[in-house]
Number of protein chains: 2
Amino acid sequence: MVKITDVAAHAGVSPSTVSYALSGKRPISQETRLRIERSIRELGYRPHAGARSLASSRARVLALVLPLRRGMHVPVVMQFATSVVTAARDHDHDVLLLTGSEGEEGLIRVSHSAMADTFVIMDVEVDDRRLPLLRTLDQPSVLIGYPADPTGLTCVDLDFRQAAQACVDHLAALGHRRVALVGSHPEVYVRGTGFARRVAAGFTAAADRHGLASSVHPCADTPVAARALAERLVREQPGLTAVVVHNEPIVQPLVEALTALGLRVPQDVSVAAICPDEIAEPAATPITSVSLPTALVGARAVELLMSKLQGAAVPETTMLPVHLTVRATTAPPPA
Amino acid sequence: MVKITDVAAHAGVSPSTVSYALSGKRPISQETRLRIERSIRELGYRPHAGARSLASSRARVLALVLPLRRGMHVPVVMQFATSVVTAARDHDHDVLLLTGSEGEEGLIRVSHSAMADTFVIMDVEVDDRRLPLLRTLDQPSVLIGYPADPTGLTCVDLDFRQAAQACVDHLAALGHRRVALVGSHPEVYVRGTGFARRVAAGFTAAADRHGLASSVHPCADTPVAARALAERLVREQPGLTAVVVHNEPIVQPLVEALTALGLRVPQDVSVAAICPDEIAEPAATPITSVSLPTALVGARAVELLMSKLQGAAVPETTMLPVHLTVRATTAPPPA
DNA sequence: GTGAAAGCGCTAACAA
DNA sequence: TTGTTAGCGCTTTCAC
């Protein structure tokens, strides 16, 4: 193994000079710097992470806590994780992967053992049990999602409220008078994940503002459940001409269920979705949707964390804007 | 921060005794052990990971390299990752998350800096560029998938060949005479990912053995592509009565496309899939499928790694068996 | 602009 | 069965 003393000897300088050349924490003459860089390259030197963390109390590691439960759309989680890893690497950090199931114990373990010096927590619930702990940890953290009380925390999320509003605004402008929201898995509401509630709130508020009749329907994320709900909607709400879906796995099944019931999309019923473009775009009938720039959330979370590491003050909440793309599944209601 | 000397003082023993009590590397009297455990609990002591890694050359970290590319079914990747994290925790290890896009450089960085002491590489290609490097690394690794030459490596994968065979055997037994395989995204074949080729090979071999006419069709993972392929199959192969699908995202779309073309499943055409139960089971017509116990792969990979860490010899290749479940999409061909 | 040297907290000989 | 102590490789005062 190549160590810093090897590099120092090879470059004809002291170990501390190599260290400073690496960290940039004190000025080095152009000449020595080049000599050191050359030695590092020739010897293939990489600082020992443990030694570095021990001496500097900085592990250069970000701990990422991912949820792995019902009602989470996996591709979205994955995309988010990828963006965190990429952003972390841009700041010369690595990523430690934790599962939400480890709970508070996992956070304490990683924090106290100094394995990581920052935390990103995904899928935070409204009254998350981990919040008090996060407020006391030595390491800064960023939450994805909004808890009831963000005081003393840093939270990032997409503007789901605006997402729902954008859908309703669009449908109202087309002339629809009665709209329904097909929402997340019932469990998601029960456990109080913020985004599901914010979608529902934004949906209802916008409908009220436009004077539309509206209803909200949690739905399991299986084709069978989508079909059942579609039947119920058609049966119970004859005047219904537009549906907003916020449940990735059943966007397509729902459209198909409506079609199977004899309703043409968009001639008889309009469908707008809140989902990634990867779902909306390749559909047989491309779906009008509010796309979720998930990758931006991860990148922003890492940025905020790096600012906090440097002692900068950051906002307690950050809302990332979303954008509606009109495609082929929305049209004026039938005359 | 609580350190080992604090625990030692609190328990009235030397630091080394605490260390040995923790590692179990030398016998400790029942009494001192209990006293130490009590002190650790009361003080909330957690060993400093960096210090530990520096002193022992063991980071207790497993680096997991995940692919994030076209043609990978994300839920499967995620499920696999989860099983690796869980298994690693069972062995008191944490998991460092790397993306395949970091390539060899990422492996070198993590290896040389001693951040991790084992590697799990997912989605290995037949002629993977990382193989020579992996053979020379100080840390043991396990590959998910099979390269052309596994010499000096440790590889784990599901028995995809057997999976395809099981489907063909089942269809042949039902009396089908002409079968088609709808395979992975064309890119997957181009880049030479082993499992796609093994499925194709197993499929063709089994069909030949049974004297069936057979054909193989790579397919993009979108509903549109599934529909197009279904039309082509119906048009070009009038005698076709059975299809095997190995492409998770389009299992359902393909069934629907066939139905839309006027073919009843399973009366007119049988469909068998190679996919997770989570896809096959909840379908409107539950799909006959070979299920892929992805979670077992991760657990086995970690087990092999831990054995290697202890210097044990492990097989170069491990094939995990799969199992066919007959559901509602397969039946004898029409008379 | 550079060097010398004292730790960071832990493990693992070596000693008893 | 337990204690003493010399590092592990790096960062960072302190000194020049």
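So that the names make sense, note that chain A is the first sequence line, chain B the second, and so on, each numbered from 1.
As a whole-Å value, the separation of B:His48 NE2 from D:dC10 P is 15 Å. Atom CZ in B:Arg52 sits roughly 10 Å away from atom P in C:dA12 (whole-Å rounding). In this structure, A:Met115 atom CE and C:dG9 atom P are separated by 17 Å, rounded to whole Å. Whole-Å rounding puts the B:Arg33 CZ to D:dT1 P distance at 10 Å. Here D:dT2 presents its P atom at 11 Å from CD of B:Gln30, a figure rounded to the nearest Å. Protein atom CZ of A:Arg58 is 19 Å distant from nucleotide atom C1' of D:dG9, rounded to whole Å. Rounded to an integer number of Å, the gap from NE2 of B:His112 to P of D:dC10 is 13 Å.
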So which protein nitrogen or oxygen atoms get under 3.5 Å of nucleotides 12-16 of chain D's nitrogens or oxygens?
from   : atom 1 : to      : atom 2 : distance (Å)
D:dT12 : OP2    : A:Lys25 : NZ     : 3.1

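With a 4.5 Å cut-off on side-chain heavy atoms, A:His10 and A:Ile36 do not count as touching. Counting heavy atoms from C-beta outward, B:His48 and A:Ser53 have side chains that approach closer than 4.5 Å.
Sparse packing is recorded around CD of B:Glu31, with 12 or fewer heavy atoms of other residues, nucleotides or ligands lying under 6.0 Å away. Annotation for B:Arg89: atom CZ counts as buried by contact number, over 12 foreign heavy atoms lying within 6.0 Å.
DNA chain C lies under 4.0 Å from at least one heavy atom of each of the following residues of residues 4-12 of chain B: B:Ile4.
B:Ser83 is linked by a side chain to side chain donor-acceptor pair (under 3.5 Å) to nothing, counting only residues two or more places apart in sequence or in another chain. In this structure, B:Glu278 has no salt bridge (charged side-chain N to carboxylate O under 4.0 Å, His left out) partners at least two apart in sequence or on a different chain. Not counting sequence neighbours, the partners of B:Glu42 by the salt bridge (charged side-chain N to carboxylate O under 4.0 Å, His left out) test are B:Arg38. For B:Phe80, there are no ring-ring contact (aromatic ring centres under 6.0 Å, His included) partners two or more places apart in sequence or in a different chain.
Take the nearest nucleotide of DNA chain D for B:Leu54 and for B:Ser29: the residue whose nucleotide is more 5' is B:Ser29.
Among C:dC10, D:dG3, D:dG9, the nucleotide with an atom closest to any side-chain atom of A:Met1 is D:dG9. The side chain of B:Ile28 approaches D:dT2 more closely than any other nucleotide in the set C:dG9, D:dT2, D:dC10.
Residue B:Thr32 is in sugar-phosphate contact alone, with no base atom involved, counting any heavy-atom pair closer than 4.0 Å across all strands shown.
Taking every heavy atom of both residues into account, B:Arg135 and B:Pro150 meet most closely at NH1-C, 4.3 Å.
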